[in-house]
There are 2 protein chains.
Amino acid sequence: MVVDESSDETVDRLFHALADATRRDIVRRCVRAELSVSRLAEAYPMSFAAVQKHVAVLERAGLVTKQRSGREQLVRTDPDAVGRAHRALDALASAWRGRVDRMARLLAEDPGREENDPTEGSER
Amino acid sequence: MVVDESSDETVDRLFHALADATRRDIVRRCVRAELSVSRLAEAYPMSFAAVQKHVAVLERAGLVTKQRSGREQLVRTDPDAVGRAHRALDALASAWRGRVDRMARLLAEDPGREENDPTEGSER
DNA sequence: CTCATCTACAACCATTTGGTTGTACGTTAA
DNA sequence: TTAACGTACAACCAAATGGTTGTAGATGAG
């Protein structure tokens, strides 16, 4: 049950998880080091249970994973997660993005020959 | 009033706006064509007022703009919006990717050849 | 063993969200 | 002018969110 990375509900969970400053901060912290939920909770002005819930949201979104180590639960940001978010954004506006990228490049490098309609270009 | 593109609340609004399939679809549709709110509403199994609210959420997040044309209100996806979302993601995991560090070093040591767009480079 | 620590989870609460309907107002067409 | 259309907005509602406290189960230290 791989759940298809680009299904609506998957993308919903992904962006929803990112739509909170505390959760983004957790992701940031756990990129560099594995931290127990208790350690994380010390960093925020809220209860342990609240942080636990935030971690659960991130986990369901696939942004972090938990690994048991003794009595602690170590949280780690999934290295692929940000890439997945990027791909979701690209899928969102890929047609437009191809056009704008090309326009930007043309304007920057070689102004004067923009006559190819790129409305349906790069799928990267 | 520029509101600082990377403030917590700005990013909150951005990702929250993207965390709904209907809203993502509106963004997708209005990338290619300006559509009135009524036209948009026809596409979804919900009331006009509901679509109106979705558009309002997208507008507060800076993802779309509305422009009056007669009695219609035309909705258009902001060309910069997806770029802003990309940048927010990059800022989130820059430490892990080492991207910002590398960019900083390049800019410091060898200013003038930053022409390899790093927003679209390494994927793992 | 005993105690402190870390986690899990339930119950509860206030606020927000996503939807509805209804009303009012400006604009275009007949 | 009148009727139809497109929009704005308020009031309302159910469900989800984000927080709390409290209780209970594992695990490690002394």
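Just the heavy atoms: all of them, side chains too, but no hydrogens, waters or symmetry mates, feed the values below. All chains are named by letter (A, B, ...) in the order of the sequence lines, taking the proteins before the strands, and each is independently numbered beginning at 1. It should be emphasised that the depicted structure is a prediction, and the values quoted were computed from it without experimental measurement.
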Participant: On DNA chain D, nearest-nucleotide positions of A/A50 versus B/S38: which is more 5'?
Facilitator: B/S38

Participant: Among D/dT17, C/dT7, D/dT20, which nucleotide sits nearest the side chain of A/S47?
Facilitator: D/dT20

Participant: Hey, is the side chain of B/R68 poking within less than 4.0 Å of OP1 or OP2 on C/dG26, counting only N and O atoms?
Facilitator: no

Participant: Could you check which of C/dC6, C/dT20, D/dT7 has an atom nearest any side-chain atom of B/A49?
Facilitator: C/dT20

Participant: Any idea which of C/dC6, C/dT7, D/dA8 is nearest the B/Q73 side chain?
Facilitator: D/dA8

Participant: Would you say D/dG19 has OP1 or OP2 under 4.0 Å from some side-chain N or O of A/H54?
Facilitator: yes

Participant: Separation of B/Q67 atom CD from D/dT7 atom C1', in whole Å?
Facilitator: 16 Å

Participant: Rounded to whole angstrom units, what separation is found between the CD atom of A/E72 and the C1' atom of C/dT5?
Facilitator: 9 Å

Participant: Compare the minimum distances between each of D/dT20, C/dG19, D/dG28 and the side chain of A/M46, then state the nucleotide with the smallest one.
Facilitator: D/dT20

Participant: Tell me if the centroids of the rings in B/H86 and A/H86 come within less than 6.0 Å of each other.
Facilitator: yes

Participant: How many Å lie between CZ on B/R71 and C1' on D/dG6, as a whole number?
Facilitator: 7 Å

Participant: Name the closest nucleotide to the A/D20 side chain, picking from C/dC9, C/dT17, D/dG18.
Facilitator: D/dG18

Participant: Rounded to whole Å, how long is the line connecting atom OH of B/Y44 with atom P of C/dG18?
Facilitator: 15 Å

Participant: Ignoring hydrogens and geometry, is there a side-chain-to-backbone donor-acceptor pair from A/R24 to A/L18 under 3.5 Å?
Facilitator: yes

Participant: Answer yes or no: does a side-chain N or O of A/Q52 lie under 4.0 Å from OP1 or OP2 of C/dC9?
Facilitator: no

Participant: Measuring to OP1 and OP2 of D/dT7, would you say a side-chain N or O of B/K53 lies under 4.0 angstrom away?
Facilitator: no

Participant: Check whether NZ of the Lys or CZ of the Arg A/R29 lies under 6.0 Å from the centre of the six-membered ring of A/Y44 and within 45 degrees of that ring's axis.
Facilitator: yes

Participant: To the nearest Å, how far apart are B/L40 CG and D/dA8 P?
Facilitator: 12 Å

Participant: Check the distance between D/dA4's P and B/F48's CZ and give it to me in whole angstrom.
Facilitator: 18 Å

Participant: Can you measure A/D12 atom CG to D/dT17 atom C1' for me and round it to whole angstrom units?
Facilitator: 15 Å

Participant: Looking at B/S36, does any N or O in its side chain come under 4.0 Å of the phosphate oxygens OP1/OP2 on D/dG6?
Facilitator: no

Participant: Can you see if the side chain of B/R23 gets near the phosphate of C/dG18 - specifically, an N or O under 4.0 Å from OP1 or OP2?
Facilitator: yes

Participant: Given 3.5 Å as the limit, does a donor-acceptor pair link the side chain of B/Q73 with the main chain of B/R68, or not?
Facilitator: yes

Participant: Given 3.5 Å as the limit, does a donor-acceptor pair link the side chain of A/S47 with the main chain of A/A50, or not?
Facilitator: yes

Participant: Round to the nearest Å and state the distance from A/E42 atom CD to C/dC6 atom P.
Facilitator: 8 Å

